[in-house]
Amino acid sequence: MTTLSRILITISLVIGLTLSAFANASNRALDVDLNVTHLDNGNVQAELTITNSGKGVQKILSWYTDLEEENLFAITRDGQAVDFMGPHFKRHAPTDKDFIMLKSGQSLSKTFELSGLYDFSQAGNYDVTYQVKSFDLFGRATGKDKQAKRQVEQLKSNTVSLWSEGIAQKGSSNKGKPGGGGSTGDCIDGTCFTGRCDNSQKNDIMTALSAADQITNDSVSYLNSHNASNTSARYQTWFGAATSPRYNTVSANFNAINDAIDNQPLTFDCSCKKTYFAYVYPNQPYKVYLCRAFWSANVLGTDSRAGTIVHELSHFTAVAGTDDIVYGQSGAKSLANSNPDQAIENADSHEYFAENTPNQN
């Protein structure tokens with residue numbers, strides 16, 4: 001064997017080991033197996049197994065093992081993305097109790113009915129993959145990690161392909177929805193209420209909506225008076241380094257949020273008893289479900305009622321189509337620093353830019 005051959009083999013081994021290390025870093029020694037079955041009753045059922053194949057205990061954020069809590073699957077029909085019809089929540093940043101602990105060799109198995117929350121209404125070839133991403137997927141940032149340039153973590157399974165003749169949608173978009181499909185309720189100045197909002201709640205909502213309009217107008221004014229080559233700490237803190245495409249996306253998002261507040265038929269539902277702030281169904285504008293944390297929040301400031309409205313409106317596909325990649329100010333700042341492309345897709349990043357606390361204008 002020549003010296004050159006030895007060098008090439010060594011380089012190949014190093015590259016292979018490096019790629020393997022990256023794969024392990026992404027999935028953190030978690031093996032993910034997915035099986036998808038088209039049942040006789042027409043439903044599409046997914047069986048997911050996550051196994052800790054490493055030596056130590058592995059954490060995983062519990063939200064990403066519950067289809068009623070998060071969008072867990074990337075599904076395409078004939079190469080085109082299929083809509084997720086489930087909820088998008090605004091939560092506090094995760095705490096230790098929000099993580100599942102898997103010991104070495106331990107598995108977590110879950111079964112999901114997919115056709116209730118994904119659009120399988122048309123005939124076609126479907127590809128289904130369990131695919132989730134989050135800044136806190138495998139644990140909260142602590143100590144020095146908060147200052148480090150952390151990355152969005154990902155957990156992904158094999159892809160399963162199947163043919164479906166198309167499944168009629170049976171009101172499945174209302175699945176898990178408190179008050180879904182009920183009365184349109186009463187309205188004040190074009191803003192409507194469902195879920196038995198009492199008079200005090202209606203007043204609180206209208207005050208919060210006015211404040212949301214205020215901070216959104218301020219955001220639009222800021223973005224109109226700056227550009228990608230002339231940003232300040234306010235933009236950079238929440239969205240990172242500016243490029244013209246990223247800046248234009250953020251600007252378009254806030255113009256759309258502003259239009260939703262000023263011109264669209266908003267409905268607020270008061271029936272949610274979850275500990276979260278709020279949630280929406282992205283493909284069902286413009287209805288926002290307000291939960292317990294909303295009522296205990298301040299009107300303005302960090303994680304405020306006004307900011308919650310901005311956050312939730314940004315989720316609608318008809319508005320900005322944002323996702324929940326990370327929750328909380330600390331995580332949003334780290335995301336802006338490490339991955340600006342993800343930051344401009346993150347709902348909390350938009351909320352914190354609008355709330356602007358502490359003030360950075």
Within one Ile-Leu-Val-Met-Phe-Trp-Tyr cluster: Val57 and Phe138, side-chain cutoff 4.5 Å: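 In one cluster: no.
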Under 4.5 Å between side-chain heavy atoms, counting indirect links through other Ile/Leu/Val/Met/Phe/Trp/Tyr residues: same cluster for Leu162 and Tyr130 or not?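 Yes; Tyr130 is reachable from Leu162 via cluster members.
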Could I get the full list of side chain to side chain contact (heavy atoms under 4.5 Å, CB included) partners for Pro285, not counting sequence neighbours?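 In terms of side chain to side chain contact (heavy atoms under 4.5 Å, CB included), with neighbours along the sequence ignored, Pro285 is linked to Phe316, Ala318.
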Who pairs with Thr275 by side chain to side chain contact (heavy atoms under 4.5 Å, CB included), at least two apart in sequence or on another chain?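 Scan of Thr275 (side chain to side chain contact (heavy atoms under 4.5 Å, CB included), adjacent residues dropped) gives Arg292.
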Could you tell me whether a side-chain N or O of [X] sits under 3.5 Å from a main-chain N or O of [Y], the two making a donor and an acceptor?
X: Tyr247; Y: Leu223; answer: yes
X: Thr216; Y: Asp213; answer: no
X: Ser334; Y: Ser330; answer: yes
X: Asp323; Y: Ile325; answer: no
X: Asn52; Y: Gly56; answer: yes
X: Tyr235; Y: His226; answer: no
X: Asn346; Y: Val326; answer: yes
X: Thr37; Y: Leu39; answer: no
X: Asp218; Y: Gln214; answer: no
X: Thr357; Y: Asn359; answer: no

Applying side chain to side chain contact (heavy atoms under 4.5 Å, CB included) to Leu114 and Leu67, what does each step give before you reach the verdict? CA-CA 9 Å; Leu114 299 183; Leu67 192 54; 4.1 Å; yes
Between [atom1] of [X] and [atom2] of [Y], what distance do you get to the nearest 0.5 Å?
X: Gln58; Y: Leu108; atom1: CD; atom2: CG; result: 12.0 Å
X: Asn356; Y: Ser219; atom1: CG; atom2: OG; result: 7.5 Å
X: Ile100; Y: Gln106; atom1: CD1; atom2: CD; result: 9.5 Å
X: Thr76; Y: Tyr126; atom1: OG1; atom2: OH; result: 9.5 Å
X: Leu102; Y: Ile50; atom1: CG; atom2: CD1; result: 7.5 Å
X: Leu155; Y: Asp31; atom1: CG; atom2: CG; result: 9.5 Å

Plane angle bin for Tyr352 and Trp238 - parallel if under 30°, tilted between 30 and 60°, otherwise perpendicular: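 Tilted, since the angle between the ring planes falls between 30° and 60°.
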Geometric class of the His311/His315 ring pair [parallel <30°, tilted 30-60°, perpendicular >60°]: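 His315 and His311: perpendicular rings.
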Atom of [X], atom of [Y] and distance for their closest heavy-atom approach:
X: Ala228; Y: Ala242; answer: O-CB, 3.4 Å
X: Glu68; Y: Pro87; answer: O-CG, 3.6 Å
X: Ile188; Y: Met206; answer: O-CE, 3.9 Å
X: Ala336; Y: Gln236; answer: CB-O, 3.9 Å
X: Lys133; Y: Tyr64; answer: O-OH, 3.7 Å

Distance-only criterion, 3.5 Å: show the donor-acceptor pairs between side-chain atoms of residues 78-86 and protein atoms not counting sequence neighbours.
residue, atom, partner, partner atom, Å
Asp78, OD1, Asn125, N, 3.0

Please examine the side chains of [Y] and [X], heavy atoms only from C-beta on, and report whether any two atoms are closer than 4.5 Å.
X: Val32; Y: Thr51; value: no
X: Ile309; Y: Phe268; value: yes
X: Gln329; Y: Asp303; value: no
X: Thr237; Y: Lys333; value: yes
X: Gln360; Y: Ser232; value: no
X: Tyr279; Y: Tyr281; value: yes

Would Thr49 and Ser107 count as having a side-chain donor-acceptor pair, cut-off 3.5 Å?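 Thr49 vs Ser107: no donor-acceptor pair found between side chains.
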Distance-only donor-acceptor check, side chains Asn227 and Ser229, under 3.5 Å: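 Distance-only check passes for Asn227 and Ser229.
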For the pair Asp198 and Ser200, evaluate side-chain hydrogen bond (donor to acceptor under 3.5 Å, both in side chains) and give the outcome as yes or no after the intermediate values. CA-CA 6 Å; Asp198 61 34; Ser200 177; 4.5 Å; no
Which is it for Thr194 and Asp269 under the side-chain hydrogen bond (donor to acceptor under 3.5 Å, both in side chains) test, yes or no, and what are the steps along the way? CA-CA 5 Å; Thr194 59; Asp269 186 281; 2.6 Å; yes
Evaluate ring-ring contact (aromatic ring centres under 6.0 Å, His included) for Phe353 paired with Tyr222, printing each intermediate quantity in order. CA-CA 10 Å; Phe353 178 87; Tyr222 172 96; 5.4 Å; yes
Under the ring-ring contact (aromatic ring centres under 6.0 Å, His included) rule, what do Trp63 and Tyr327 come out as? Steps first, then yes or no, please. CA-CA 12 Å; Trp63 306 333; Tyr327 293 101; 5.5 Å; yes
Chi angles and distances behind the side chain to side chain contact (heavy atoms under 4.5 Å, CB included) call for Glu70, Val132: CA-CA 9 Å; Glu70 284 289 338; Val132 296; over 6 Å; no
Step by step, work out the side-chain hydrogen bond (donor to acceptor under 3.5 Å, both in side chains) result for Ser161 and Asp127. CA-CA 4 Å; Ser161 299; Asp127 289 330; 2.5 Å; yes
Go through the structure and list residues passing salt bridge (charged side-chain N to carboxylate O under 4.0 Å, His left out) with [X], not counting sequence neighbours.
X: Glu69; result: Arg91, Lys274
X: Asp204; result: Arg305
X: Lys59; result: none

Run the numbers on Thr191 and Asp189 for side-chain hydrogen bond (donor to acceptor under 3.5 Å, both in side chains), then give the verdict. CA-CA 6 Å; Thr191 298; Asp189 296 333; over 6 Å; no
Hey, mind stepping through Leu300 and Glu355 against side chain to side chain contact (heavy atoms under 4.5 Å, CB included) and telling me if it holds? CA-CA 7 Å; Leu300 290 167; Glu355 290 173 337; over 6 Å; no
Does Lys202 come within less than 4.0 Å of Asp186, counting only side-chain N to carboxylate O?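 A salt bridge is present here (some side-chain N lies under 4.0 Å from a carboxylate O).
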Test salt bridge (Lys or Arg N to Asp or Glu O under 4.0 Å) on Lys90 and Asp348 and set out the steps. CA-CA 8 Å; Lys90 171 174 166 56; Asp348 255 3; 3.3 Å; yes
